[in-house]
2 protein chains.
Amino acid sequence: MAEPITIKDIANLCGVSIATVSRVVNNSPKGVGEKTVERIRKVIEEVGYRPNRLAQSMITKVTHTIGLVIPDVRNPFFSELVRGVEDVCNENGYSCFLCNTDGKLDKENEYIDILRDRIVDGLLFTTQNNKESNPAFLDFHRNKTPLCFIERYVDELPETPGVFFDNEGGAALLTQFVLDKGHRNIAFISGPLSTMNARMRKSGFMSTMQSNGVEVDARLVVEGNYRLDSGYAAVDQLLEHGKPKFTALIAGNDLMALGAYQALVERGYQVPSDISIAGFDNITYPAVFRPLITTIEIPGYKLGSCGTEMLIALMKGQPLAVTRQVFAAALRDKGSVVQI
Amino acid sequence: MAEPITIKDIANLCGVSIATVSRVVNNSPKGVGEKTVERIRKVIEEVGYRPNRLAQSMITKVTHTIGLVIPDVRNPFFSELVRGVEDVCNENGYSCFLCNTDGKLDKENEYIDILRDRIVDGLLFTTQNNKESNPAFLDFHRNKTPLCFIERYVDELPETPGVFFDNEGGAALLTQFVLDKGHRNIAFISGPLSTMNARMRKSGFMSTMQSNGVEVDARLVVEGNYRLDSGYAAVDQLLEHGKPKFTALIAGNDLMALGAYQALVERGYQVPSDISIAGFDNITYPAVFRPLITTIEIPGYKLGSCGTEMLIALMKGQPLAVTRQVFAAALRDKGSVVQI
DNA sequence: CCCGAGAGAGAAAACGTTTACTCGATCAGT
DNA sequence: ACTGATCGAGTAAACGTTTTCTCTCTCGGG
């Protein structure tokens with residue numbers, strides 16, 4: 001276990017004080033002579049000295065680390081997001097602690113505590129729970145440790161910065177697209193309404209239907225849970241009373257759309273000729289795969305990178321132009337919605 | 001910016017010395033009276049004191065963090081792996097720095113330096129480059145900072161622990177499966193032969209062919225780069241001289257298999273009735289998607305969790321029963337290889 | 001020749017812990 | 001009553017930095 005080289009070693013090697021070495025390490029140009037700087041630089045280079053970041057952080061109270069709290073990195077949306085976060089961190093000299101909560105409140109709280117203990121400089125946070133939050137969380141806020149939400153509000157912290165996706169606008173865009181194709185009887189499978197984005201998407205659907213003067217049949221609106229099988233089950237529910245009363249189906253995400261697709265095909269319907277289908281997320285798999293679902297793209301990478309940029313600005317004490325950044329929706333037409 | 005509560009505050013509040021508080025925090029039972037412990041515990045609880053981990057680490061030289069270096073978290077295999085790593089870390093009180101290198105040597109080296117500076121207790125490392133390595137990397141080794149490879153050897157560090165997937169065995173298993181279906185003319189698209197796993201898979205293919213007494217037509221073995229389009233391009237190369245001379249095609253991963261599938265279909269061949277296809281990875285997408293490719297499953301989560309368990313054992317100074325853990329391959333028959 | 005300014009550099013405190021050492025008090029055994 | 005453990009608790013050094021002061025030169029201007 002070779003003892004690491006410390007600033008003291010460099011000082012001895014150069015015959016100067018540690019203060020002087022510290023000055024050249026942090027290249028604060030004041031107070032050190034040209035040739036001394038040169039000499040110390042050379043020795044540092046030669047012996048490969050690297051300052052101990054723990055000791056530095058002790059003094060400066062800055063660790064150049066952030067915490068990233070998400071439900072599950074295996075979800076492709078979050079993989080994208082994580083990569084966006086990590087890239088921006090790296091560009092700016094930050095490192096990133098990854099934390100998976102599965103959306104569970106107790107794991108969220110546990111991680112918040114851990115991250116506070118580790119003295120992260122900032123926190124990037126996503127979750128489904130926007131009701132309750134942990135004391136440590138409010139501590140972050142109270143201590144003015146920068147905090148940036150990703151697709152999340154916490155009711156207690158209404159002014160906290162965040163990056164959001166325009167779920168309502170996306171749903172409106174998609175609904176309008178389907179309406180423009182001539183559909184009037186449109187079924188809607190929402191995500192779990194306990195989540196903010198499911199509510200927003202549903203609301204975008206409802207309001208667009210209304211603003212187009214199309215009445216929504218309440219029996220055609222069902223709640224799912226964002227999983228494949230719940231899309232499948234929703235179709236059973238929609239077909240409960242015999243023949244479908246809808247020519248198009250919009251799902252709260254692509255996974256449910258795929259489940260619905262499967263159910264419809266198994267029951268002998270042609271998609272999209274009999275029934276059009278649309279989703280949300282633009283889950284992108286290798287282009288070979290079928291079926292393709294017309295969808296709303298959610299820019300995961302962008303949300304991650306921009307959220308991190310906001311956070312870094314905050315950590316640097318820069319004032320934010322916009323504290324809540326909302327990303328517009330984009331439609332990805334893949335042919336699963338046809339004109340009637 | 002409310003100043004955080006320190007051990008000194010607790011000491012003052014309780015009218016004891018910081019040493020005593022430290023003892024109860026680390027509950028080292030020696031040397032503190034029953035009632036004192038109780039009193040200090042209560043105050044700590046009340047004011048919500050949490051020790052500063054930086055200060056602790058300064059003394060103990062232990063940070064309870066690890067570095068996880070992978071090419072890209074967006075690759076589903078690595079998403080799985082990352083989650084396996086993070087779960088085990090969390091169970092054991094470790095936090096994990098995520099680093100994406102895109103397989104680039106310079107980014108790998110950069111992260112190694114960063115992680116060493118951050119004084120991680122251990123390092124989990126994957127990459128494609130097994131030839132060159134960075135001085136800091138060897139430093140890890142020299143300083144006996146635990147190191148665990150994931151699907152990687154570094155030639156300079158032959159004794160380093162690691163978790164591996166039995167690529168050669170997997171390829172053998174798959175090749176045997178295809179042979180058992182009666183195929184004799186089998187094309188093989190390898191991954192980039194600069195990578196260890198591509199070489200192993202190819203080698204498993206070649207040796208199984210040979211051990212079954214089937215000669216390999218050199219023109220039917222081409223090199224790809226693990227990406228979709230290289231599978232597509234490989235088919236062009238294989239069909240260069242007119243009609244296919246093979247009835248089955250094994251690709252070094254599923255992505256290339258899919259690219260090959262697309263190319264074959266576009267050229268009017270039926271898969272699998274004309275040509276069977278098999279891959280590697282078991283990229284799992286929602287079950288609705290077609291086509292399905294018979295493949296070898298690589299247990300990403302398991303590799304991550306077991307690698308982390310090894311690393312943690314090393315960090316605790318426990319001797320390892322096995323320093324190189326090799327995970328066996330499992331075949332996932334999805335019907336894309338038919339009997340002839 | 002003297003004074004003051006400014007440059008170069010060192011001394012030492014501080015950051016919040018852990019831990020080896022010390023010390024007094026209590027208490028059991030003789 | 002004296003000795004020697006043992007227990008409870010405090011003192012202070014140490015970890016490797018940053019940073020504020022302070023000090024000593026050197027040099028230019030009057």
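Listed nucleotides: C:dT17, C:dT18, C:dG10. Nearest to the side chain of B:A55: C:dT17. Here the nucleotide nearest the side chain of B:N26, chosen from D:dT18, D:dT17, C:dT19, is C:dT19. Set against D:dG10, C:dC15, D:dC15, the side chain of A:M58 has C:dC15 as its closest nucleotide. Comparing C:dT17, C:dT19, D:dG16 against the side chain of B:A19 picks out C:dT19 as the nearest.
Rounded to an integer number of Å, the gap from B:K35 NZ to D:dA9 C1' is 11 Å. Spacing between atom NZ of A:K8 and atom C1' of D:dT17 amounts to 11 Å, rounded to whole angstrom units. Between A:D9 atom CG and D:dT17 atom C1' there is a gap of 13 Å when expressed in whole angstrom units. Across the protein-nucleic acid pair, A:N12 atom CG and C:dA9 atom C1' stand 15 Å apart, rounded to whole Å. To the nearest angstrom, C1' of D:dA14 lies 13 Å from CG of A:N52. Going from atom CD1 of A:I7 over to atom P of C:dC15 covers 19 Å, rounded to whole Å. Distance, A:R53 CZ to C:dC15 C1': 17 Å, rounded to whole Å. The CD-P distance, from A:Q56 to D:dC15, rounds to 17 Å in whole Å.
Side-chain nitrogen and oxygen atoms of A:T20 include at least one within less than 4.0 Å of the OP1 or OP2 phosphate oxygen of C:dG10. For A:T36 and C:dG8, the shortest distance from a side-chain N or O to OP1 or OP2 is not below 4.0 Å. Between B:S17 and D:dG10 there is a side-chain polar atom (N or O) within less than 4.0 angstrom of OP1 or OP2. Contact between the side-chain N/O atoms of B:K61 and the OP1/OP2 oxygens of D:dG16 is found at a separation under 4.0 Å. For A:Y49, no side-chain nitrogen or oxygen approaches OP1 or OP2 of D:dG16 to under 4.0 Å.
Comparing A:V21 and B:I59 against DNA chain D, the residue whose closest nucleotide sits nearer the 5' end is B:I59.
Contacts of B:V16 with the nucleic acid, taken as non-hydrogen atoms under 4.0 Å apart, involve only primed sugar atoms and P, OP1 or OP2. As judged by a 4.0 angstrom heavy-atom cut-off over every strand, A:S57 is placed among residues making no nucleic acid contact. Contact annotation for A:L54: no contact, since no heavy-atom pair falls under 4.0 Å across all strands. Within the 4.0 angstrom heavy-atom criterion, base atoms lie near B:S22.
A heavy-atom distance below 4.5 Å is found between the side chains of A:I40 and A:C14. Counting only heavy atoms from C-beta outward, the side chains of B:Y301 and B:D87 approach each other to under 4.5 Å.
Within the structure, every pair that satisfies the side chain to side chain donor-acceptor pair (under 3.5 Å) test and touches residues 57-77 of chain B, not counting sequence neighbours, is listed here: A:R83-B:D72, B:T63-B:T65, B:T63-B:D121, B:D72-B:R74.
Aromatic rings of B:F97 and A:F97 (six-membered ring for Trp) have centroids within the 6.0 Å cut-off, being under it.
Side chain to side chain, A:S17 and A:T20 meet the donor-acceptor criterion of an N or O pair below 3.5 Å. A donor-acceptor contact closer than 3.5 angstrom links the side chains of A:E110 and B:N90.
One cannot find a donor-acceptor pair under 3.5 Å joining the base of D:dG8 and the side-chain atoms of B:R23.
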